[in-house]
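In what follows, every heavy atom counts, from backbone to side chain, and hydrogens, waters and symmetry copies are set aside.
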Amino acid sequence: MSDFHSPSIAYAALSPILIPGIAATVGVLVDAFVPRAIRWQTQTAVALLGLIGALIAVSVLAGTHTITADTAVAVDGPALFIQGTIAILGIGSILLVSDRSPGLDGGAFVAQAATAPGSQEEREGAASGHAQTEVFPLMMFAITGMMLFPASNDLLLLFVALEVLSLPLYLMCGLARRRRLLSQEAAVKYFLLGAFSSAFFLYGLALLYGYANTVSLAGIQAATVSSGHNDNLLFLGLGLLAVGLLFKVGAAPFQSWIPDVYQGAPTPITAFMAAATKVAAFGALLRVFYVSFGGLGWEWRPIAWAIAILTMVVGSLFAITQTDVKRMLAYSSVAHAGFILIGIIALNKSGLSGSLFYLLTYGLTTIGAFGTLSLIRDPDGEATHLSRWAGLGRRSPVVGSVFALFLLALAGIPLTSGFTGKFAVFSAGVSGGATPLVIVGVVTSAAAAFFYVRVIVMMFFAEPVADGPVVATPGGGTAGAIAIAVAATVLLGIVPQPVLDLANRAVPFYH
């Protein structure tokens with residue numbers, strides 16, 4: 001029996017992962033010991049400091065290429081770019097979560113999650129003005145998993161990161177202050193989706209271990225170029241592993257409950273899931289396919305083509321039929337998953353850098369869109385039905401114009417960040433031999449523009465509803481998150497080159 005040796009761990013290189021984890025742990029202690037009167041403000045400060053610290057750590061580590069933790073973690077350009085993106089999106093999400101201004105009816109979160117909907121205890125909790133501060137450490141634990149996910153260099157650690165990021169999200173989906181039953185239904189559905197995802201992933205992991213006798217991504221890649229292995233195990237394992245990850249990115253046909261989850265969850269958590277979770281999941285998907293299975297492109301790319309086409313078509317067509325703005329944005333996120341898959345299928349450096357840039361632009365625009373949506377209020381809470389938005393832009397030109405900007409960016413209109421991101425991914429697809437797939441992407445983008453423009457027309461050209469919703473005055477958190485998203489959407493559309501250069505310098509993967 002060989003002697004056990006402790007792995008060498010470069011803690012400085014892992015600081016973007018460790019700092020949010022420390023902030024999450026401090027958040028748990030804050031909930032236990034800090035007086036309730038200042039607990040919300042303290043939790044907000046701890047979370048923001050943790051994310052700012054992680055962003056600084058990413059900046060300091062720029063240009064680092066190292067393998068640590070006994071080859072389990074890769075700290076390289078793509079991982080750091082994704083981690084920086086997650087930190088920025090996390091800051092925007094924390095700002096949305098932290099807003100408890102009077103205009104937003106005391107915030108999006110329930111006073112006590114354990115109370116039954118409609119019960120006397122729930123009414124007493126709501127009247128007390130308290131809120132669920134556990135959401136902050138839960139979000140920071142999720143961000144810790146997201147930071148680890150794209151840096152994981154072996155499948156076992158990848159699974160651990162998947163669970164660390166997923167479990168807090170299941171809980172946070174059920175914390176909505178209003179429409180509690182819908183929120184709890186969203187939590188159960190997301191839990192079931194996550195269970196299916198984990199099961200497929202674990203089964204694929206086991207088959208790939210049987211194939212390569214290792215869970216290391218580099219070891220699996222080495223096994224694919226050598227002889228004497230059972231290719232049946234390889235392709236079955238690859239397929240099941242891909243299904244597990246595609247569940248997480250919301251690709252078709254694995255997207256069925258995602259609109260329900262997005263609709264029922266508290267809107268700040270929906271923004272967080274739609275932006276940060278998708279970024280982390282695509283970061284892991286890019287690493288797995290570029291590092292382990294890049295040499296098998298001829299084998300898996302036809303299936304990936306079919307999934308990308310189905311995802312773009314399903315996301316675009318189903319979004320057109322929606323009458324709820326939140327569900328429309330959910331199906332929009334499905335369509336965008338299809339566009340980003342083109343960058344994976346391209347299997348070249350421009351595909352990787354284009355995907356990194358797309359993830360940043362999409363995430364920031366999504367945070368802004370959901371943040372703006374949270375300002376449109378009815379007596380029962382957020383007014384998400386499309387008919388209620390008639391004339392909204394005429395009654396509140398600023399909010400209507402801001403939301404229109406985000407919709408135009410999601411549609412990929414020139415001079416917005418969405419256009420630059422799509423151009424980067426589509427041009428990489430053409431250079432990677434996926435021109436027919438890019439044509440499908442362009443056609444579905446044109447179809448998707450219909451439902452974005454429909455909302456803009458409804459806001460600015462329809463007659464206002466007599467008893468229409470009010471536009472709440474945002475607090476500092478929501479206003480800050482929206483302002484960051486607006487600035488990024490405009491700047492990355494007009495002067496994208498510095499960030500494009502940053503994404504180009506981040507590639508390729510180091511393993």
Side-chain angles (χ1 to χ4, degrees), residues 17 20-21 23-24 27-28 43 47 50-51 82 85-87 89-94 96-98 108-110 113 132-150 152 158-177 180 182-201 244-251 254-285 326 329-330 333-334 337 359 363 366-367 370:
I17 303 168
V28 173
Q43 289 281 25
L51 291 169
I82 291 290
T85 300
I86 293 169
L89 299 178
I91 290 171
S93 300
I94 289 291
L96 292 179
V97 167
S98 67
F109 298 94
V110 66
Q132 196 81 17
T133 54
E134 290 91 338
V135 68
F136 291 97
L138 284 172
M139 183 174 284
M140 294 306 295
F141 278 122
I143 289 173
T144 302
M146 291 175 187
M147 292 289 197
L148 180 59
F149 206 32
S152 299
L158 200 67
F159 174 72
V160 172
L162 174 66
E163 295 306 300
V164 171
L165 77 89
S166 297
L167 292 174
L169 291 175
Y170 306 150
L171 297 174
M172 290 189 288
C173 283
L175 298 181
R177 190 178 189 87
R180 292 286 312 285
L182 191 65
S183 177
Q184 291 177 356
E185 178 187 341
V188 171
K189 285 184 174 179
Y190 200 43
F191 171 74
L192 292 175
L193 272 177
F196 283 121
S197 171
S198 298
F200 279 110
F201 188 96
L245 292 172
L246 290 170
F247 262 112
K248 216 64 193 172
V249 303
F254 315 111
Q255 87 302 336
S256 57
W257 277 346
I258 285 180
D260 299 342
V261 174
Y262 283 17
Q263 184 181 19
T267 297
I269 301 305
T270 302
F272 179 61
M273 290 190 297
T277 304
K278 193 176 291 290
V279 169
F282 265 110
L285 197 64
K326 216 170 177 182
L329 291 175
S333 78
V334 174
L359 289 168
T366 300
I367 292 284
F370 280 106

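Shown here are the side chain to side chain donor-acceptor pair (under 3.5 Å) partners of Q184, two or more places apart in sequence or in another chain: there are none. Remark: T267 engages K326, E382 in a side chain to side chain donor-acceptor pair (under 3.5 Å) (not counting sequence neighbours). Shown here are the side chain to side chain contact (heavy atoms under 4.5 Å, CB included) partners of L148, two or more places apart in sequence or in another chain: I17, V73, S152, L157, A161. For F191, the side chain to side chain contact (heavy atoms under 4.5 Å, CB included) criterion is met by Y170, not counting sequence neighbours. With sequence neighbours excluded, no residue forms a salt bridge (charged side-chain N to carboxylate O under 4.0 Å, His left out) with E134. With sequence neighbours excluded, no residue satisfies ring-ring contact (aromatic ring centres under 6.0 Å, His included) with F201.
Between A47 and I94, the shortest heavy-atom contact is CB-CD1, 3.8 Å. Nearest heavy atoms, I367 versus F272: CD1-N, 4.5 Å. Here the closest non-hydrogen pair linking G250 and A337 is O-CB, 4.4 Å. Taking all atoms of both residues into account, the shortest heavy-atom contact from A274 to T366 is CB-CG2, 3.6 Å. A275 and G363 get closest at one heavy-atom pair: CB-O, 3.6 Å. The shortest non-hydrogen separation linking V261 to C173 is CG1-SG, 3.9 Å.
In this structure the side chain of F370 never reaches within 4.5 angstrom of the side chain of P268, judged on heavy atoms. Contact annotation: the side chain of P266 never approaches that of R177 to less than 4.5 Å [non-hydrogen atoms, C-beta and beyond]. A heavy-atom distance below 4.5 Å is found between the side chains of M140 and L51. Using a 4.5 Å heavy-atom threshold, the side chains of D260 and Y190 count as separate. Using a 4.5 Å cut-off on side-chain heavy atoms (C-beta onward), I82 and F149 make no contact. Here the side chains of Y262 and S333 are in contact, with some heavy-atom distance below 4.5 Å. Taking the side chain as every heavy atom from C-beta outward, V135 and I269 approach each other to under 4.5 Å. Proximity of V249 to L246: side-chain heavy atoms (C-beta onward) are separated by under 4.5 Å at one or more points.
Distance check, rounded to the nearest 0.5 Å: CG of L158 to CD of E163 gives 11.0 Å. The distance from the CG atom of L96 to the OG1 atom of T270 is 10.5 Å, given to the nearest 0.5 Å. If you take NZ on K278 and CD1 on I86, they are separated by 13.5 Å, rounding to the nearest 0.5 Å.
The backbone N or O of G27 lies less than 3.5 Å from a partner atom in the side chain of Q43, making a donor-acceptor pair.
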Determine, stepwise, if the pair S166 / K248 fulfils side chain to side chain donor-acceptor pair (under 3.5 Å). CA-CA 9 Å; S166 297; K248 216 64 193 172; 2.8 Å; yes
Verdict with reasoning, L171 to L175, per side chain to side chain contact (heavy atoms under 4.5 Å, CB included): CA-CA 7 Å; L171 297 174; L175 298 181; 5.7 Å; no
Residue pair L162, S197: steps toward the side chain to side chain contact (heavy atoms under 4.5 Å, CB included) verdict: CA-CA 9 Å; L162 174 66; S197 171; 4.3 Å; yes
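Taking the six-membered ring where tryptophan is involved, the planes of F200 and F247 are essentially parallel, since the angle between them stays under 30° and well short of 60°.
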